[in-house]
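Here's the structure we're looking at; comments come further down.
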Amino acid sequence: MFGKLAFRNVKRQVGNYLIYFITVSITVALMFAVNNVIFNKQLMAFAESMQELKSGLISITIFVSIIVAFVLGYATSFMLKLRKREFGTYLTLGMTRKNILSIFILETMILCVAAILAGILLGVFIYQGLMALITNLMEMEFSFASYSASGLLLTIALVVTVFLLSSVTSSLYLNRVSVYHLLHGDRMVEKKVKHPMFWMAIAVLSGIAIVGCCVVFYQTVLNMFQNTNSDQAGFLIFSCFVTLGVALIIFHIGASKSIVNLLLKNEKFRNRRTNTFILRQLSGKLSANAVMAGFLSFLIAFAIIGSNVSFMQKTSEKLTLDKIIPFDITANIDPKDPSPISMEQAEQTIQNYSEIEHKIPYRYYASQDNTLYRQTKWSGEGYEGLNDTFITESDFNQLCEALGIPTVTLNGTYKIIADIPQVQAYDFSSTQLDLNGKTYCYGGILTDVPMFSYYYFTSIVPDEAVQGLDVELDCMAYDLKQDRYNAEALRQELSYQTTSRNGQYLIERCDYDLKEYGRIQRNSNTAIFIVGALYISIVFVFLAMAILALKTLSSLSDDRQKYRILFRLGTGEQEQNRTLFYQIFCFFLLPFVVPVLLSVPTAQICTKIMEMSGYAGNVSEVVTTTTAIAFVVVAIYVLYFIATYLIAKRNIVHHQQ
């Protein structure tokens, strides 16, 4: 009997369940896609040597489960409120709470099965898209990815578990709620907001705080790149994010409790058409849901920010790799602590993986005088052993010629190579170098050339200037015929065990920088970061939109009665449609507009970071990404808004007989 009733209720409530069903189906699809990525044989074979990738994928699926439980648990509570009058009637007719709970759980399980089927069907396509994205990020060859039975079973198990947990939430609600509340809860009147001007002042101050956070964050980023004193940057950035989150929430609380009440005092505005009715409808809804609107705005804002930052990282990581490891392999041998693997041995090993096409020897020299380092923060206590380093003009130019970048002409001066803004902020213009009995004046700083070894900065000096200086590093740059090879295995062969500086433990050391190994490492980390950020962002946005939609639909019974009165006062169908449209649009818009507007400062900050990192030519990618992310978020917003409006319209608007 209960089974037939539950099935009939699902058919009868199909319109009201649409938002719930869409959210659950998309969530299941995302879970299915991510779980199949975890069990993908191609990725797992690759990830056997990339623990970061494997751990990242596992962390994502754990987070998926937590988010799904939260989404469905919260959505279920709104579905219960949507039908509280119906359940109250069941209790009045003699059903027990246990009977009602059984019916609701059966309905939920029917939806669960339908959502699993629809979600897996959608997830089949999302999975291929996700694999295409991951393989593109990791610069692997994409092929049609096979599906995993383990991924399917894990998805089903997680979804069923989450639905069972949501049933527990339903049971707790139905056991505590009174019959009166179920029958008459929609008649309860919201208390009138007191002191709307006070709440408006709160909203204005919070808005100023939001703008202030963006400005402070922007200035902090500038200081990190331009100033020497950036020790407090991490704390300031964290404080900005925390303050931004709190300010967003408080802003929406203040705006929700003030805007409508202040508009009601504007006689000209409120007397226009059905504006008074719309404002009265919004007054109670916005005030009662002020905190919710703030938290939803918080979720959407950080979804947008996280997505932008993740794609910016991908662009910067690729460009940074080309800057710090410009050649396929670079050897850095310390003559004071020579490697047990000589260059000759290393070359023989390298030939087993890829043919060496070209090699360039060069050296770094060191001066104990430290004329340059004494002017920076990297001198004194804690920086012992950090010396001024030099590369000769001829060595530097032959490296530049091999890379196809401009060479330098010193004409008796010295130039500084620095790829970090902290060095660029120092003024070396009056600093002279005394080397090999000659004095060399400052000839400028180079910021757009690679660093051929790991130093804060290096000086290019005439060849004769290094005579008599100690050799800091013996280096060799290798160009390989094939730049794709088993970099993990090669690095393992070129690594060795040595003791740490304090001699307390063994460490693995490799004196050969492999660009391919660095590419794999960075790409795997970036892939997990981007996929994780995108997944979290999508869930946050869908969660926010679903909650807004379900919150709107949960008051259908109350709205139906009010629109009946509006109809009896002579308001036609078209005017009712317009009124309902503006009512729902305003309710959706409040927590949505500020996060989308934050895309502008987010894009500006990301663009500035790219410019100051020396990648000004790639800022267009940041703008394109920001626009695309904003477009996707708006599309999700429109999808849920239209679905909510159409469902509400079908249930609320009264037609002429």
Side-chain angles (χ1 to χ4, degrees), residues 222-231 233 316 319-327 330 332 334 362-400 403 405-436 439-463 465-466 469-475 477 513 518 609 611-616:
L222 288 180
N223 291 338
M224 286 177 62
F225 281 88
Q226 296 177 350
N227 297 338
T228 58
N229 185 16
S230 58
D231 296 335
S316 63
L319 297 171
T320 300
L321 180 64
D322 292 335
K323 205 165 189 178
I324 64 173
I325 312 179
F327 293 95
T330 304
N332 297 279
D334 185 351
Y362 61 100
R363 281 179 168 175
Y364 280 93
Y365 300 86
S367 168
Q368 303 299 322
D369 187 35
N370 287 350
T371 301
L372 298 174
Y373 265 111
R374 279 201 302 269
Q375 300 185 51
T376 71
K377 68 176 184 178
W378 302 291
S379 61
E381 187 177 353
Y383 294 97
E384 294 84 359
L386 192 60
N387 302 316
D388 287 352
T389 53
F390 309 97
I391 185 172
T392 63
E393 182 179 2
S394 58
D395 279 353
F396 179 79
N397 282 338
Q398 68 172 340
L399 293 171
C400 291
L403 294 173
I405 59 178
T407 58
V408 299
T409 302
L410 296 180
N411 294 324
T413 64
Y414 73 91
K415 292 181 181 291
I416 291 176
I417 312 172
D419 67 340
I420 54 176
Q422 288 92 331
V423 177
Q424 301 165 20
Y426 290 106
D427 183 12
F428 297 99
S429 59
S430 60
T431 305
Q432 296 180 333
L433 289 178
D434 293 320
L435 299 171
N436 195 27
T439 299
Y440 300 94
C441 296
Y442 176 71
I445 188 167
L446 303 177
T447 60
D448 56 351
V449 296
M451 294 293 293
F452 298 109
S453 195
Y454 296 114
Y455 295 106
Y456 289 114
F457 62 94
T458 297
S459 302
I460 312 170
V461 295
D463 290 11
V466 300
L469 296 182
D470 295 331
V471 176
E472 181 77 3
L473 285 178
D474 278 313
C475 304
D513 295 324
I609 290 174
E611 290 176 350
M612 292 187 296
S613 299
Y615 310 132

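- Ring pair Y426/W378 is perpendicular by interplanar angle, where above 60° counts as perpendicular and below 30° as parallel.
- By the 4.5 Å heavy-atom criterion applied to side chains, D369 and R374 are counted as neighbours.
- Within the 4.5 Å cutoff, the side chain of Y364 has no heavy atoms near those of the V471 side chain.
- Nearest heavy-atom pair, P462 versus Y440, reported as atom, atom and distance to 0.1 Å: CG-CE2, 3.6 Å.
- Of the inter-residue distances, the one linking E393 atom CD with I460 atom CD1 reads 8.0 Å to the nearest 0.5 angstrom.
- Considering only residues two or more places apart in sequence or on other chains, D470 meets the side chain to side chain contact (heavy atoms under 4.5 Å, CB included) condition with Q368.
- For the atom pair OG (S459) and OH (Y442), the distance works out to 9.5 Å, reported to the nearest 0.5 Å.
- Listed by chain and residue number, nothing satisfies the side chain to side chain donor-acceptor pair (under 3.5 Å) test with S430 (two or more places apart in sequence, or in another chain).
- For T458, the side chain to side chain donor-acceptor pair (under 3.5 Å) partners at least two apart in sequence or on another chain are T389.
- Heavy atoms only, all atoms of each residue included: C475 and L473 are closest at SG-CB, 3.7 Å.
- Remark: Y373 pairs with F457 by the ring-ring contact (aromatic ring centres under 6.0 Å, His included) rule, at least two apart or across chains.
- Using a 4.5 Å cut-off on side-chain heavy atoms (C-beta onward), Y456 and T376 make no contact.
- Between L372 and L433, some side-chain heavy-atom pair lies under the 4.5 Å cut-off.
- Looking at heavy atoms from C-beta onward, L435 lies out of side-chain contact with V466 at the 4.5 angstrom threshold.
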Can you list, pair by pair, the side-chain donor-acceptor contacts under 3.5 Å of residues 410-417, counting residues two or more places apart and other chains?
from: T413; atom 1: OG1; to: L410; atom 2: O; distance (Å): 2.6
from: Y414; atom 1: OH; to: T431; atom 2: O; distance (Å): 2.8
from: K415; atom 1: NZ; to: G443; atom 2: O; distance (Å): 2.8

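- In this view, D434 and T439 satisfy the side chain to side chain contact (heavy atoms under 4.5 Å, CB included) rule, not counting sequence neighbours.
- Separating the OG atom in S394 from the CG atom in L399 is a distance of 9.5 Å, to the nearest 0.5 Å.
- Taking the side chain to side chain donor-acceptor pair (under 3.5 Å) definition, one finds that D427 meets it with S429, sequence neighbours left out.
- Qualifying salt bridge (charged side-chain N to carboxylate O under 4.0 Å, His left out) partners for D395, counting only residues two or more places apart in sequence or in other chains: none.
- Remark: T330 pairs with no residue by the side chain to side chain donor-acceptor pair (under 3.5 Å) rule, at least two apart or across chains.
- Applying the side chain to side chain contact (heavy atoms under 4.5 Å, CB included) test to P326 and every residue at least two apart in sequence or in another chain returns L403, P450, F452.
- To the nearest 0.5 Å, atom OG of residue S453 and atom CZ of residue R363 are 14.0 Å apart.
- Evaluation of the side chain to side chain contact (heavy atoms under 4.5 Å, CB included) rule for A366 yields N387, E472 as partners, not counting sequence neighbours.
- Checking S367 against D388 by side-chain atom types alone, no donor-acceptor pair falls below 3.5 Å.
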